[in-house]
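See below for the structure under consideration.
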Amino acid sequence: KKIVFATNNQHKLDEVKKITEGLIEIVSLSDINCTDDIEETADTLEGNALLKARYIKEKFGFDCFADDTGLEVEVLNNAPGVYSARYAGVAHDSEANMQKLLDYMKGTDNRHARFRTVIALILNGKEYLFEGIVKGTIIEEKRGDQGFGYDPVFVPEGYDQTFAQLGSSVKNSISHRARAVIKLHDFLLTYSDK
Ligand code: ITT
């Protein structure tokens, strides 16, 4: 079954396509000629994921899913969280976002953080949510050049390299996004029974 992934983030699209290879056929927004920048006005990951999925369903009529992801840092009371993309003020400036985070955490012993992805699926008029979490720590200086966003400062639990050093095959086997996507896949597998 084909399903539209409502994202403008090419990195997310690449990751999800890899994770679902041979399992789900992913259609991108550019495949449906949508270049809209969907405004994310909710104050939760769940809310923004639903908002993006509903926008595509309402405008184009396709069943679809959307991903909203945040980095939740314990000592910052789970900030930047839903505001991860525009933490430093300018949307999608990953360098500035990471710098602000490292500055705020300077001298802090508690480095615990987690990535949390919420996927919202709209299928046959109903809405479903799937969550994926990976725990880890924020290091003191960026390391690695793979991945995207906050990957250079995040070391997943059980590893001593960042997502940006570990690369896509390791990231895609343990990440927040992978865990949410696997739940989505398992749901779709058994869907016909529901
Ligand atoms: P959409 O079109 O899907 O909304 P986006 O880039 O706006 O794409 P989000 O609203 O979920 O995505 O923004 C979350 C921000 O968190 C994003 O800009 C990245 O900087 C960061 N981020 C998301 N997933 C990440 C990942 O797997 N690794 C590192 N950083 C990530």
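One-based numbering, in listed order, for ligands and for the atoms of each.
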Check each atom of ligand 1 against the heavy atoms of E40 and keep those under 4.0 Å away; list them by number with element. 4 (O), 7 (O), 10 (O)

Polar side chain donor-acceptor pair, D93 to Y87, under 3.5 angstrom: no

Heavy atoms only: which of H176, M98, K12 lies closest to atom 12 (O) of ligand 1? K12

Any side-chain donor paired with an acceptor under 3.5 Å for R177 and T69? yes

Shortest protein heavy-atom distance from atom 22 (N) of ligand 1, along with the residue and atom involved: F148 CE1, 3.8 Å

For ligand 1, find out whether one of its N or O atoms is nearer than 3.5 Å to an N or O atom of R177. yes

So, R116 and E46, do they make that salt bridge, N to O below 4.0 Å? yes

Strictly by modelled atom types, are S94 and N97 linked by a side-chain donor-acceptor pair under 3.5 Å? no

For F154, state whether at least one heavy atom is located under 4.0 Å from any atom of ligand 1. no

Counting C-beta onward and ignoring hydrogens, is there a side-chain heavy-atom pair between K171 and H176 closer than 4.5 Å? yes

Let me see the working for R179 and E131 under salt bridge (charged side-chain N to carboxylate O under 4.0 Å, His left out), right down to the final yes or no. CA-CA 7 Å; R179 287 176 178 162; E131 181 186 63; over 6 Å; no

Quick one: nearest non-hydrogen protein atom to atom 6 (O) of ligand 1, plus distance? N9 ND2, 2.9 Å

Closer than 4.0 Å to some heavy atom of D151 - which atoms of ligand 1 meet that? 26 (C), 28 (N), 29 (C)

Do D103 and Q99 have a side chain donor and acceptor closer than 3.5 Å? yes

For ligand 1, which atoms, with element, lie under 4.0 Å from some heavy atom of K171? 26 (C), 27 (O), 28 (N)

Note: A42 and L51 closest approach over all heavy atoms is N-CD1, 4.0 Å

Starting from atom 30 (N) of ligand 1, what is the nearest protein heavy atom, named by residue and atom, and what distance separates them? Y150 N, 3.1 Å

Which protein heavy atom lies closest to atom 2 (O) of ligand 1, and at what distance to 0.1 Å? N8 N, 2.8 Å

For ligand 1, which atoms have a heavy atom of K52 less than 4.0 angstrom away? 1 (P), 3 (O), 4 (O), 10 (O)

How long is the straight-line distance from NZ of K52 back to CG of L29, given to the nearest 0.5 Å? 10.0 Å

Ranked by distance from atom 13 (O) of ligand 1, the top protein heavy atom is A85 CB, 3.6 Å

the protein heavy atom lying closest to atom 1 (P) of ligand 1 turns out to be T7 OG1, 3.4 Å

Rounded to the nearest 0.5 Å, what's the gap from CD1 on I38 to CD1 on I56? Could you check? 4.0 Å

What protein heavy atom sits nearest atom 5 (P) of ligand 1, and how far away is it? H92 CE1, 3.6 Å

Give me the nearest non-hydrogen protein atom to atom 14 (C) of ligand 1 as residue plus atom name, then the distance to 0.1 Å. T69 O, 3.2 Å

